[in-house]
Amino acid sequence: MDFLQPTTWAEALTLRAERPDALPIAGGTDVMVDLNFDRRRPGALLDLGRVAELREWGADDGRIRLGAGVPYARVIEDLGAQLPGLAMASRTVGSPQIRIRGTVGGNLGSASPAGDAHPPLLAAGAVVEIASAARGVRLVPAAEFYLGVKRNALEPDELIAAVLVPAAAGPQQFCKVGTRNAMVIAVSAFACALHPDRGAVGTGIGSAAPTPRRAPEAETFLAGELEAAGLWESRGELPETLAAAFGERVAAAASPIDDVRGSAAYRLHSLAVMARRAATWAWNDYRKAA
Amino acid sequence: MSGQNGHPGRAMTDSTTTTVAPPVTGSGRIGDSPLRPDGTLKVTGEFAYASDLWHDEMCWGVTLRSPHPHARIAGIDITEALTVPGVWAVLTADDVPGDNAFGLEHADQPVLASEFVRYEGEPVALVAADHPETARRAAKKIRVDYEVLPAVTDPRRAMDPDAPAVHRPGNLVRHLKLRRGEVDPVAPVVVSLDFEVGMQDQAFLGPESGLAVPAEDGGVDLYVATQWLHVDQRQICLALGMPTEKVRLTLSGVGGAFGGREDLSVHVHACLLALRTGKPVKMSYGREESFFGHVHRHPAVMHYEFGAETDGTLVYAKSDVLLDGGAYASSTNAVVGNAGTLGLGPYRIPNVAVDAYGVFTNNPPCGAMRGFGCVQAAFAHEALMDELADAVGVDRVEIRQRNGMREGDRNITGQIIDSAAPVAELLQIVRDLPMPPPLDPSDIRALPGAVGNTTHGEGVRRGIGYSVTYKNVGFSEGFDDYSTARVRLEMTGGEAVATVHTAAAEVGQGLITVEQQICRTELGVERVVVHPKNTSVGSGGSTSASRQTYVTGGAVKAACEAVRAAVLERASMGLGRPAADLRLDGEKIVGTSGEVLASLGEVLGDDAVEETVEWHHRPTHAIDPETGQGDAHVQFAFSAHRAVVDVDVELGLVKVVALDTAQDVGRAINPDAVLGQIHGGSAQGMGLALMEEIIVTDGHVRNPSFTDYLIPTILDMPPMQVKVLEYADPHAPYGVRGVGEPPTISSGPAVAAAVRDATKKPLRRVPIRPEHITGT
């Protein structure tokens, strides 16, 4: 197995194109586990850890451009205000050591349905910036990025450059159920984002379908009900029945399985509870922000 | 009740002058908490564990394991594996020179499967190669032709006449029958329940590892992480067909054990490969293989019934306990012994009917784990005690105190409890400890779900649970349980140095520190060297059953006394005074009024005084096969826990807010180590109550990783209040009482009770999963 260590982004893209058998590795928190368990035997590892530009983030026109190699620990430290949902999710990733190594780009590359970064990216309406040596940059909305269990929209010669996330225009929440109180893979997860600027609601569901996914009907429903009741303007209380109905619609959007981490029925139940609570907390934050 | 014993019996050679306590120097005698010699190395990552073993020119061994829970091996073809460059040997059952069978109690487990495999993960073949990866790849090229057979994987089905037989003649390992008092007692209040306990893993952090080095005499030296060198040696010799002197074992760094290292793992395999290749062979399991490489805690299916007076006083108790032993016997026999003889808890019960069964299935073999049969039973008897309290309207602590054993009572096997049994006091202590502050929703780390951010206080209910349990210390039912200690005293560079040599395994619990403390106390020297643990000294017995401080501690104490007597005898000849008039005090020989007569250096000169003592604890006895009556155990250890939990009842998530305990340890030889055992044991019991389970479906382990086999983290374990009682056992060295297991037994049932209290749900299975609470 070869170990490729590009130091520039251009070199990384060239190597990616030349070596379709290479597996990109960022923090290694997923890749090394797969190697240790002998689940993968790639012809080469393409180490992106020395590509400095991947480890940067910046603000651009209301969007945060988060380099694919920025670790969770930096998201927590630097971006709690602009990307609160992603920062909350980052806090739940593994242990402190894993949060120092693991990256949002790596989470997208693995595309596990249980990846913690996915629900807030979906809820915020993030866009994945993908690049190849041959065709340059293309942008794929997060909602179209996840294709199946651990499959994503990358072509064999492409790498993830960054993820573009709109800075929060309203409150965001992230909830994750695990069967212990730290260092746990999600049994189910939910993120929501309020977009008062456009009267919209964003959602993201984790660990409850073959891919991370939105709950579009729940989004439309809640945004519509808020609009109809004039609540965006009045900032009145979120009716409990509305929050509960939103929760039910979020659960309805999931298609979970039974596995060692939890039953499908529990995943649906917990999604409904988390969505109800998260919507209520987000709305209360919105009211307080007035 | 026994009072607190003042100090260790000192200077038994001169009993008339032992009215003063040994000098308390704070320099590492018993009752102090000296720094562990391995402590700094461990926390800085420099300690050499067995997985760090290395030898020039060594090669690596790997194991090919069965993918099937039950199959007949029609053939094995190793041809292709042997062609892999870098491979030194490929071995199968045909290459086992001695008995192809091992086992702690019954030799029923093949070193390498020959005709049948009986559980998923059973070793079938071995490969040695230059590099572990080469060995793994070669192992994949071994072709095993399996004819898959029907498997019995439900212990309730194991004894059915039409169930597949795991072994001949049948699937029953042991039925313990215990009857006491009236045959058909009646009581005005009757409560009963069914309870199930899942399969817990020891989850030690240092996976199985060893290094076998072929020796010039045709024998082999094995460096290995284990719990009992000599019982390993006996089994290895039988498998290799070699005499004892040709198979020498040395303990290497052990990263936790908890019972999971009582059975053999890499031992014979590494020796076979080393002897075949003529090269040192290292074997070291990864985490996944480790889950298949050692036995687990028996899952249990239990039915319990209590009959009581209307005030809650127990009239009778019945239990029916079924333990899934998996594919091989391991220590199932003794675990059934504990689940039967101790499985009704530390209560006075006049009329008793117990049936405890251990059965073979095609599930992973189960055997020793901390708490050993008492853990499973405690969940049932403590849940039922709460039921009884509620049925008669008596407080849950008070009903336990009312029925609790006292010193002088007989337990259910008719054995008199002949030292402290402070059941009521332990309960009172944990009840009276300060309660944790009320729920604070402002810090999500303190809430169920923690940073998962699943609640800000919604749905959270608080619950409180109590538990009191007891356990035997040491080996029981007639086993001749002993340890051997060799102690040498000599002058080195003008300073007295004691060297203590035992084969008793240090597995992380701190035995080497205890051995040093005893030598300092008995011989008055500061410098104590702990000789590497190996088989060149007699057996130390197993590091299990909470027994090492008691038994090996007893042996070291006795060896020190023998050394001291020999030194005083030497001094007596030189000084012309009777030895009975002399004492060893510090590095001086003093007379009856404390006058210094000679220095130790003057007495010893260039000689060393060395004594070896084999020390046995009081004999125990087999129980009657029909009635289960008999003095089965040597000592009993009692503990109580109070758990306080916050449960998000809508999501089924639990935060343990407090887990406080009181335990009688007889005498705390090393108070810090005692606390460490109690903290760790409590966490392990809590883990079983809430999260730790090997999930086995149709004989297949579904979560062999620390990703999906969850053990508690620091955010799951609250700070503990621990109260240690020291009611000396007059029959034990220094009055000690085993410490390691009791906290594991009483913590889980208290946590489960607290969750039941918070949720008002019966919750008759552990670990309690979120879906059990939510009903989804």
Side-chain angles (χ1 to χ4, degrees), chain A residues 1 30 33 35-39 41 76 84-85 87-96 99 114 116 173-191 243 247 251 258-274 276-278 280-281 284, chain B residues 133 136-137 140 286-289 444-459 648-656 687 690-697 701-718 767-776:
Chain A
M1 187 167 65
D30 282 339
V33 173
L35 294 185
N36 280 333
F37 275 92
D38 208 12
R39 290 187 199 124
R41 276 285 173 265
I76 297 165
M88 291 169 91
S90 299
R91 273 185 212 109
T92 74
V93 173
S95 61
R99 293 194 286 274
D116 294 314
Q173 285 289 339
F174 173 80
C175 314
K176 164 177 155 182
V177 164
T179 39
R180 72 180 167 195
N181 290 304
M183 281 181 67
V184 70
I185 291 181
V187 172
S188 58
F190 176 73
D258 289 320
D259 66 17
V260 292
R261 294 174 193 156
S263 67
Y266 176 76
R267 288 187 157 104
L268 293 175
H269 168 78
S270 58
L271 273 176
V273 174
M274 287 191 291
R276 164 165 53 82
R277 290 180 182 176
T280 306
W281 300 333
N284 288 343
Chain B
E133 191 53 36
R136 278 192 282 272
R137 289 182 186 193
K140 286 184 180 167
R287 179 58 56 195
E288 181 182 21
E289 185 173 19
I444 58 169
R445 289 173 304 176
L447 294 168
V451 294
N453 187 43
T454 47
T455 180
H456 294 173
E458 299 94 328
D648 181 340
V649 297
E650 268 194 293
L651 286 175
L653 301 178
V654 178
K655 171 78 182 178
V656 180
L690 295 179
M691 63 187 83
E692 293 193 37
E693 182 174 8
I694 295 182
I695 298 171
V696 183
T697 306
V701 174
R702 295 174 63 201
N703 56 338
S705 73
F706 279 167
T707 305
D708 284 313
Y709 183 89
L710 300 183
I711 55 177
T713 70
I714 193 75
L715 273 182
D716 299 285
M717 187 65 194
I768 298 168
R769 297 173 64 97
E771 47 264 56
H772 298 154
I773 295 172
T774 61
T776 53

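The analysis underlying the following values was restricted to heavy atoms, covering all of them including side chains, and did not include hydrogens, waters or symmetry mates. Each chain gets a letter, A, B and so on, in the order its sequence line appears, and its residues count up from 1.
Each of Asn36(A), Leu268(A), Val177(A) has some count of heavy-atom pairs under 4.5 Å with chain B, and the biggest count is that of Val177(A). No other option in Thr280(A), Val260(A), Thr92(A) has as many heavy-atom pairs under 4.5 Å with chain B as Val260(A). Ranked by heavy-atom pairs under 4.5 Å with chain A, the first of Asn703(B), Asp708(B), Leu690(B), Val451(B) is Asp708(B).
Using modelled atom types, one side-chain atom of Asp716(B) and one backbone atom of Thr713(B) make a donor-acceptor pair closer than 3.5 Å. Side-chain atoms of Arg445(B) do not come within 3.5 Å of backbone N or O of Leu715(B) as any donor-acceptor pair. Between the side chain of Lys655(B) and the main chain of Asp648(B), no donor-acceptor pair closer than 3.5 Å is present. Judged by distance alone, the side chain of His456(B) and the main-chain N or O of Leu447(B) form no donor-acceptor pair under 3.5 Å.
Considering only residues two or more places apart in sequence or on other chains, Asp30(A) meets the side-chain contact (heavy atoms from CB on, under 4.5 Å) condition with Ser110(A).
Heavy-atom distances place both the backbone and the side chain of Thr455(B) under 4.5 Å from chain A. At a 4.5 Å heavy-atom cutoff, Pro767(B) makes no contact with chain A through either its backbone or its side chain. If you measure heavy-atom distances from Val184(A) to chain B, the contacts under 4.5 Å come from the side chain alone. Ile695(B) touches chain A through its side chain: at least one heavy atom from C-beta onward sits under 4.5 Å away, while N, CA, C and O do not. In this structure, chain A has heavy atoms under 4.5 Å from both the backbone and the side chain of Leu651(B). Heavy-atom distances place the side chain of Arg769(B), and not its backbone, under 4.5 Å from chain A. With a 4.5 angstrom heavy-atom cutoff, Glu289(B) does not touch chain A via any of its atoms.
By the 4.0 Å N-to-carboxylate-O rule, Arg276(A) lies too far from Glu458(B) to be salt-bridged with it.
Under the salt bridge (charged side-chain N to carboxylate O under 4.0 Å, His left out) criterion, the residue pairs touching residues 173-185 of chain A are Asp116(A)-Lys176(A), with sequence neighbours excluded.
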